[in-house]
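Encoded as structure tokens, the structure appears first; notes follow it.
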Amino acid sequence: MGILTSILVGAIAGWLADLVFKRFSFSLLVEILLGIAGGIVGGWVFGRSTGFLDAVLTSFVGAVVILGIAALIKGSTRRA
């Protein structure tokens, strides 16, 4: 996957994960970085993605996992 595609996938996945956890409201840059990190985590959990939509879903799940862990560490009582 190219770098521009990774940024686009990261932006979409980070934005979707931010919608799930409404308590956190991040800037676009943080959402992109969260989505890219989610892609790494999602790729580690699910394996290699084959298409664009698959990459977005995998990154989204990974980003939600990262936000869930952040919420647990922060001690948030609100659940997704």
Side-chain angles (χ1 to χ4, degrees):
M1 191 179 324
I3 198 154
L4 291 177
T5 307
S6 296
I7 291 172
L8 180 63
V9 167
I12 293 170
W15 174 71
L16 290 173
D18 191 45
L19 289 177
V20 170
F21 286 88
K22 292 183 192 240
R23 180 179 185 119
F24 303 108
S25 184
F26 297 115
S27 67
L28 180 61
L29 179 64
V30 173
E31 288 178 0
I32 290 170
L33 293 175
L34 175 67
I36 292 171
I40 293 169
V41 170
W44 179 69
V45 171
F46 294 115
R48 191 171 182 97
S49 59
T50 56
F52 183 78
L53 185 58
D54 188 36
V56 170
L57 291 175
T58 301
S59 297
F60 167 71
V61 170
V64 167
V65 168
I66 291 171
L67 274 176
I69 291 170
L72 288 175
I73 290 172
K74 191 174 181 180
S76 175
T77 57
R78 185 174 181 174
R79 303 227 188 264

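The analysis underlying the following values was restricted to heavy atoms, covering all of them including side chains, and did not include hydrogens, waters or symmetry mates.
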- request: Check each of Leu53, Val56, Leu57 against Ile12 using the side chain to side chain contact (heavy atoms under 4.5 Å, CB included) test, and report the only one that passes.
  value: Val56
Minimal non-hydrogen separation, Ala55 against Val9, with atom names: O-CG1, 3.7 Å
task: Indicate the atoms forming the closest heavy-atom contact of Ala13 with Ala63, along with that distance.
output: O-CB, 4.3 Å
message: Applying side-chain contact (heavy atoms from CB on, under 4.5 Å), can you list everything that pairs with Leu19, at least two apart in sequence or on another chain?
response: Trp15, Leu16
